[in-house]
Amino acid sequence: MSLLSIIVPCYNEEESLDTFYQTVQATLKPLKMDIEYIFVDDGSKDGTLLKLKELHKADPQVHYISFSRNFGKEAAVFAGLRESRGDAAVVLDADLQHPPSVILEMAALWEEGYEVIEGKKSSRGRESFFHKLMAATFYKMLSGFMKMDMNDSSDYKFMDRKVVDVLCSLRERNTFFRALSFWTGFRTTTIDYEVQDRVAGTTKWSSVALVRYACNNLISFTNAPLYMIVVVGLLFFLIGLILTIDAVVDHYMGVAVDGYPTLLVLLVIATGCIMFSIGIVGIYIAKIYDEIKERPQYIIREKE
Ligand code: UDP
Ligand code: MG
């Protein structure tokens, strides 16, 4: 029988874990695959690790990895993928917002030969207006840059061993799991699911963290902002050229222009653009700096 690895990133999820484990166990009864759980405790400050140890004691299929501190969900997902031994692996949230019943359908599609089965949010569940707006803008930009439809995509993914191996072999540390599985180019299909309410606790994302997450992923996935700078720069050069010609012509025709406001506006806009551009270039340099330091994406304190 083939083995399915269930990878669960957990950050302060002590209240969700029992329900999560029981629900998944019950839901996957009909599945004709062996199951191993890989819970990744992402430096939780509550009793998550203790809960995981209890689960491990009760069920030898349950494994856990515990980070030395909070490294973020991306790191947790990749640590889980690296530890997994399954013929297929599925990543899902500990809060049961990703309904486990979908795994049965995913497994069926996997049997049919699909290598990446990606959960697509058919509704976004309960989220603030700001959150929805941010998500919509972010995915629009990303889809445009990447020429793939990333709208409403999620981290709820079922992957074949081949895909997991490719992802684990990537050497970049600034990973973006959601888009990378697309990027691998394996046979992909999507499956709709309704985002459920959290079983317990609250979301671990603040608004600032979300904006940072979106910017980081855009930068780590595309160089488009750099090209945008070039285009804007070119545009300014053209406008400058036209204005120069205009000024020269005016001069020879003897029409005196009071150019102070024009100068002021141009100066302010140009300075703004230059500073913005330097900022973008700076962010890329920072990313390069981060990558060349070759620090690990996460540090494991203990695992079982
Ligand atoms: N998570 C994590 N590390 C973090 C933040 C979140 O491992 O730094 C986990 C969290 O425990 C959950 C999943 O990632 O299993 C999704 O987090 P959350 O439910 O807070 O996000 P949302 O569903 O609101 O996007
Ligand atoms: Mg959640």
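Note that the coordinates shown come from a computational prediction; the quantities given were computed from them, not determined experimentally. One-based numbering, in listed order, for ligands and for the atoms of each.
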Task: For Arg198, atoms of ligand 1 separated by under 4.0 Å from a heavy atom - done: 18 (P), 19 (O), 20 (O)
TODO: Give the atoms of ligand 1, by number and element, whose distance to some non-hydrogen atom of Glu13 is under 4.0 Å.
DONE: 10 (C), 11 (O), 12 (C), 15 (O)
- [ ] Measure from NZ or CZ of Arg69 to the centre of the six-membered ring of Phe71 and say whether it is under 6.0 Å with the direction within 45° of the ring axis.
- [x] yes
Task: Residues, nucleotides or ligands: over 12 heavy atoms within 6.0 Å of Lys29 NZ - done: no
Task: Heavy-atom nearest neighbour of atom 19 (O) of ligand 1 within options Asp95, Val195, Asp155 - done: Asp95
Open item on the list: Less than 3.5 Å apart, any donor N or O on the side chain of Ser66 or Asp41 sitting next to an acceptor on the other?
Closed with: yes
- [ ] For atom 24 (O) of ligand 1, grab the closest protein heavy atom and report residue, atom and distance to one decimal in Å.
- [x] Thr203 OG1, 2.7 Å
Open item on the list: Glu13 vs Thr48, test: side-chain hydrogen bond (donor to acceptor under 3.5 Å, both in side chains). Steps then yes/no.
Closed with: CA-CA 6 Å; Glu13 299 282 5; Thr48 299; over 6 Å; no
- [ ] Measure the distance from atom 1 (N) of ligand 1 to every protein heavy atom, then report the residue, atom name and distance (to 0.1 Å) of the closest one.
- [x] Tyr11 CB, 3.7 Å
Task: Under 2.8 Å: N/O/S of Asp93 next to the Mg ion (ligand 2) - done: no
TODO: Calculate, to the nearest 0.5 Å, the distance between atoms OH and CD1 belonging to Tyr156 and Ile117 respectively.
DONE: 11.0 Å
Open item on the list: Pairs of nitrogen or oxygen atoms closer than 3.5 Å, one from Ala94 and one from ligand 1: do any exist?
Closed with: yes
Task: Nearest neighbour in protein (non-hydrogen) for atom 4 (C) of ligand 1 - done: Asp42 OD2, 3.4 Å
Open item on the list: Under 4.0 Å, heavy-atom basis, I'd like to know which part of Lys73 is in contact with ligand 1: side chain, backbone, both or neither.
Closed with: both
Open item on the list: Suppose I only count heavy atoms of Asp93 and a 4.0 Å limit; which atoms of ligand 1 are within that range?
Closed with: 13 (C), 15 (O), 16 (C), 23 (O)
Task: ligand 1 atoms in contact with Gln97 (distance to a heavy atom under 4.0 Å) - done: 19 (O), 22 (P), 23 (O)
TODO: Indicate, as side chain, backbone, both or neither, the part of Asn12 found under 4.0 angstrom from ligand 1 when only non-hydrogen atoms are considered.
DONE: neither
Open item on the list: Can you tell me if Tyr284 has over 12 outside heavy atoms packed within less than 6.0 Å of its OH?
Closed with: yes
Task: Axial cation check for Phe177 ring with Lys157, 6.0 Å and 45° limits - done: yes
TODO: I would like to know whether Asp42 and Lys73 meet salt bridge (Lys or Arg N to Asp or Glu O under 4.0 Å); could you show each step before the answer?
DONE: CA-CA 7 Å; Asp42 184 11; Lys73 186 179 175 187; over 6 Å; no
Task: Protein residue, atom and distance nearest to atom 15 (O) of ligand 1, heavy-atom basis - done: Pro9 O, 2.7 Å
Task: Lys287 to Tyr289, cation-pi by 6.0 Å centre distance and 45° axis angle - done: no
Task: Protein contact of atom 20 (O) of ligand 1 - nearest heavy atom, named by residue and atom, plus distance - done: Lys204 N, 2.7 Å
Task: Gln97 atom OE1 and Asp95 atom OD2 as seen from the Mg ion (ligand 2), angle to 10 degrees - done: 100°
- [ ] May I have the step-by-step check of side-chain hydrogen bond (donor to acceptor under 3.5 Å, both in side chains) for Tyr298 and Arg173, ending in yes or no?
- [x] CA-CA 9 Å; Tyr298 48 82; Arg173 270 155 293 271; over 6 Å; no
Task: Verdict with reasoning, Lys120 to Asp192, per salt bridge (Lys or Arg N to Asp or Glu O under 4.0 Å) - done: CA-CA 5 Å; Lys120 225 175 160 74; Asp192 283 347; over 6 Å; no
Task: Atom indices of ligand 1 within 4.0 angstrom of Gly72 heavy atoms, with elements - done: 3 (N), 8 (O)
- [ ] Just jot down the ligand 1 atoms closer than 4.0 angstrom to any heavy atom of Cys10, in number order.
- [x] 7 (O), 11 (O)
